[in-house]
Amino acid sequence: QLSLVESGGGLVQPGGFLTLSCAAPGFALNDYAIGWFRQAPGKEREGLSCISSSGANTHVADFVRGRFTISRDRDKNMAYLHMNNLDFDDTAVYYCAADSFRLCVVSEGRLIQRFEYWGQGAQVTVSS
């Protein structure tokens, strides 16, 4: 059972930046497509970004494009979500997820695949 661990969350001021990391200790994260999601209190979970297992293909949701980017380091077996110019509305629990399908499946700008494995989440709070 693949176990994902997010790290890098925390408190940041508006306009600040954070990088979230996703690891899978003991597993080959490189074999999976990685997605990043978030869920704010009282709101539905929303898909933010995805990167294929090779790293050649990425997707970023329109509502965070230009501020968020996704990457992975295959040598370190890690994936990342880089977030810039954070705003109050970015406050949420952020999750990484893995899919053995290896590719990102997007329809009408939205991630539609069913990710098999999920991390416990990392809290990101944007506050002044």
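Within a 6.0 Å sphere centred on CZ of Phe101, other residues, nucleotides and ligands contribute 12 heavy atoms or fewer.
Under the 4.5 Å side-chain heavy-atom criterion for grouping Ile, Leu, Val, Met, Phe, Trp and Tyr, Phe68 is connected to Leu18 within one hydrophobic cluster. Cluster membership for Val105 and Trp118, using ILVMFWY side-chain heavy atoms within less than 4.5 angstrom, is not shared. The same ILVMFWY cluster, assembled from side-chain heavy atoms under 4.5 Å apart, contains both Leu20 and Phe63. If you chain together hydrophobic residues whose side chains sit under 4.5 Å apart, Leu86 and Val64 fall into the same group. Criterion: ILVMFWY side-chain heavy atoms under 4.5 Å apart, direct or through other members. Under it, Ile70 and Tyr117 are part of a common hydrophobic cluster.
Val124 is listed as a side-chain neighbour of Met83, based on a closest heavy-atom distance under 4.5 Å.
Considering every non-hydrogen atom in both Ser107 and Ile112, the closest pair reads CB-CD1, 3.6 Å. Nearest heavy-atom pair across Asp99 and Gln113 is OD2-NE2, 2.8 Å. Leu81 and Ser49 make their closest contact through CD1-CB, 4.2 Å (heavy atoms, listed as atom of the first residue, atom of the second, distance). Minimum interatomic distance between Val126 and Phe88 (heavy atoms only, all atoms of both residues): O-CD2, 3.4 Å. The nearest pair of heavy atoms linking Tyr95 to Glu6 is CA-OE2, 3.3 Å. When every heavy atom of Ser128 is checked against every heavy atom of Pro14, the shortest pair comes out as N-CD, 3.9 Å.
Applying the disulfide bond (SG atoms under 2.5 Å apart) test to every pair with at least one member in residues 59-128, sequence neighbours left out, gives these pairs: Cys22-Cys96, Cys50-Cys104.
Of the possible polar contacts, none joining the Glu116 side chain to the Leu2 backbone as a donor-acceptor pair under 3.5 Å is found. No side-chain donor-acceptor contact under 3.5 Å links Gln120 to the backbone of Val5.
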Acceptor/donor pairs from residues 27-39 side chains to any protein atom, 3.5 angstrom cut, sequence neighbours excluded:
residue	atom	partner	partner atom	Å
Asn30	ND2	Arg74	O	2.8
Arg38	NE	Glu46	OE2	2.6
Arg38	NH1	Asp90	OD1	2.8
Arg38	NH1	Tyr94	OH	3.0
Arg38	NH2	Glu46	OE2	3.1
Gln39	NE2	Lys43	O	3.1

Only pairs under 3.5 Å count here: list side-chain donor-acceptor contacts from residues 51-58, not counting sequence neighbours, and write none if there are none.
residue	atom	partner	partner atom	Å
Ser52	OG	Ser54	OG	3.4
Ser52	OG	Gly55	N	3.4
Ser52	OG	Ala56	N	3.4
Ser52	OG	Asn57	N	3.1
Ser52	OG	Asn57	O	3.4
Ser54	OG	Ala56	N	3.1

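Leu48 CG to Arg65 CZ: the interatomic distance, rounded to the nearest 0.5 Å, is 12.0 Å. Here NE2 of His82 is found 8.0 Å from OG of Ser21. Values are rounded to the nearest 0.5 Å.
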Handout entry: Pair Thr91-Ser127, side-chain contact (heavy atoms from CB on, under 4.5 Å): steps then yes or no
Key = CA-CA 8 Å; Thr91 295; Ser127 175; over 6 Å; no
